[in-house]
Amino acid sequence: MTVHDNGAGPVSAPTGTLGTSAKLSLTPVQGGEPAFDDHHPPSAELVSDCVHCGFCLPACPTYTLWGEEMDSPRGRIYLMNEGLQGEPLTSSMVQHFDACLGCMACVTACPSGVQYDKLIEATRSQVERRYDRPKRDKALRSAIFALFPYPKRLRALRGPLRLHQKSGLSALLRRTGVLDRISPTLASMEALAPPLERAEKVPERTPARGVKRGTVGMLLGCVQREFFPGVNAATARVLSAEGFEVLAPASQGCCGALSAHNGREDEAQRFARGLVDTFEKAGVDFVVVNAAGCGSTMKEYADLLAGDPAYAERARAFTDKVRDVSEILAEAGPVADRHPLPVAIAYHDACHLAHAQGVRAQPRDLLRGIPGLELREIAEGDLCCGSAGIYNIINPVPARELGDRKAANVLATGAELLVTANPGCLMQVASSIERQGGHLALAHTVEVLDASIRGLGPEQLGVGRAATTEP
């Protein structure tokens, strides 16, 4: 295998061959400023754990799309090693790092236990600090991070976005595809916007029903809070019905997941400190999360704040309390009655729940515990849908390919309802299903549980209504 630079900078002469167990070493061909500085570069020890066996290849979405070695986990690890050996950080290297969705399917697939998640986050932090991006890319990323981690700013968009949707302009743009021809990025952003639900605030305190089993803090999130308020409301109701007092401080901010996953280390740490402060003050037994990407980052606060003497121990204590909502419900066991909910569902594993957190069985077990519900598995279930935080905005073309592939597999199940545990996945798959002319209701896992506990029918989850919403 040869590393291609496409004229963007020097390459290294490798010794050791990808696809064998031989350890990889590199001899720099040309000097220059090294790719990485000494502030938390990707660990050489973790890099050396990769034996280039290739088990990650079929699990990797970008390798599945393109068959390009440098767009596989082991290829990216190869490039990380180039940087550790002193190679400059070239635009082609950055392109391959940027193309990674961070889905962590390779972590699940790797027989050697390579911690690719830690490697790619460390690498992206280096890229964000040391690589001068093109002005257009820099402006887009700046705009994204000036908006998405701030719930109040997202809230300000609700009015104009609702007007845009109700005016018919949204439907027109999607039907004609005019935005796709002007800007795939703008088209992706417009298509991803979900139909806005009625604003539904979660009380700061929801008392436990029946015998109290504990007190939990609830992350409200950013996109979840403003674009999917029904999910948060359902989460509070289900936890209450299962005997938990729910505290949801209105003052809480972003968890820092988007920042951490995109190399914005200082920003992620700032958000993490704020959330630790908030839930320490609340004095809860557990911190419950209903968004997969948020939960995976919050479970890593001990690593994120390890170098902060004022927060290192507090972050470890916080991390020990973090649970996905399906985890805490499965651990506690049901006490609230489940009423029949006759519906066939397709369950989609959100990558940061299944791969990053290892939570697969719990949501399925909870759903199978609902009388009358039929759970159907999706072909290529481990393959990312293409959402991946902000990936579908900054890399709209491959994200759309993955979304269309996922949508086709979902529709093939013949299910009436798609269920998952992450707002980004819901938006991504909904957009792809609409683009393919399909009709399917979508819901979060906890919304299905809420409907069963409250004795609601499938129509309350949108089943039977999707076919009437076509413009």
> Counting N and O atoms only, with roles assigned by atom type, does the side chain of Ser452 sit under 3.5 Å from a partner on the main chain of Leu449, one being a donor and the other an acceptor?
Replying inline: no
> Does CD belonging to Glu45 count more than 12 external heavy atoms closer than 6.0 Å?
Replying inline: no
>> Under the rule for ring pair (Phe, Tyr, Trp, His ring centres under 6.0 Å), what residues qualify as partners of Phe145, not counting sequence neighbours?
In response: none
> Charged N to carboxylate O under 4.0 angstrom, Glu33 versus Arg130?
Replying inline: yes
> Charged N to carboxylate O below 4.0 Å: is that the case for Arg316 and Glu313?
Replying inline: yes
>> Taking ring pair (Phe, Tyr, Trp, His ring centres under 6.0 Å) as the cut-off, I'd like each qualifying pair that reaches into residues 105-127, sequence neighbours left out, listed once.
In response: none
> Can you tell me if Asn422 and Thr420 form a side-chain donor-acceptor pair at under 3.5 Å?
Replying inline: no
> Should Met298 and Thr319 count as side-chain neighbours, where that means a heavy-atom distance under 4.5 Å?
Replying inline: no
> Do you see a donor-acceptor pair shorter than 3.5 Å between the side chains of Thr297 and His261?
Replying inline: yes
>> Closer than 3.5 angstrom, by distance alone: can the side chain of Asp71 be matched with the main-chain N or O of Tyr63 as a donor-acceptor pair?
In response: no
> So, Arg133 versus Ser91: side-chain donor-acceptor pair below 3.5 Å or not?
Replying inline: no
> Residues two or more places apart in sequence or in another chain: which of them pass side-chain contact (heavy atoms from CB on, under 4.5 Å) with Pro58?
Replying inline: none
>> I'd like to check Glu242 versus Ile328 (side-chain heavy atoms, cut-off strictly below 4.5 Å). Are they in contact?
In response: no
> Does the distance from a Lys or Arg side-chain N to an Asp or Glu carboxylate O, for Asp98 and Arg141, drop under 4.0 Å?
Replying inline: yes
>> Whether the side chain of Arg225 engages the backbone of Pro151 through a donor-acceptor N/O pair (distance < 3.5 Å, no angle test) should be reported.
In response: no
>> Determine whether a donor-acceptor pair (N or O, by modelled atom type, separation under 3.5 Å) exists between the side chain of Arg76 and the backbone of His96.
In response: yes
> So, does Gln436 use its side chain to make a donor-acceptor pair with the main chain of Ile433 at under 3.5 Å?
Replying inline: no
>> Give me each pair satisfying salt bridge (charged side-chain N to carboxylate O under 4.0 Å, His left out) with a member in residues 55-67, each pair once, sequence neighbours excluded.
In response: none
>> Working to the nearest 0.5 angstrom, can you tell me the gap between Tyr150 OH and Cys254 SG?
In response: 8.0 Å
> Between the side chains of His39 and Glu265, does any donor sit under 3.5 Å from an acceptor?
Replying inline: yes
> How would you list, by chain and number, every residue that makes a ring pair (Phe, Tyr, Trp, His ring centres under 6.0 Å) with Phe318, sequence neighbours excluded?
Replying inline: Tyr301
> Does some side-chain heavy atom of Leu440 sit less than 4.5 Å from a side-chain heavy atom of Val429?
Replying inline: no
> With a 3.5 Å cut-off and no angle check, do the side chains of Glu267 and Ser259 form a donor-acceptor pair?
Replying inline: yes
>> Evaluate Tyr391 against Asn262 for side-chain hydrogen bond (donor to acceptor under 3.5 Å, both in side chains), listing each step before the verdict.
In response: CA-CA 10 Å; Tyr391 189 91; Asn262 288 276; over 6 Å; no
> Any luck finding a side-chain donor-acceptor pair between Gln224 and Asn290 under 3.5 Å?
Replying inline: yes
> Salt bridge or not for Glu380 and Lys406, using N-O below 4.0 Å?
Replying inline: no
> What residue pairs, at least two apart or across chains, pass side chain to side chain donor-acceptor pair (under 3.5 Å) with a residue in residues 349-361?
Replying inline: Thr108-His355, Thr108-Arg360, Lys299-Gln357, Asp349-Arg364, His355-Arg360
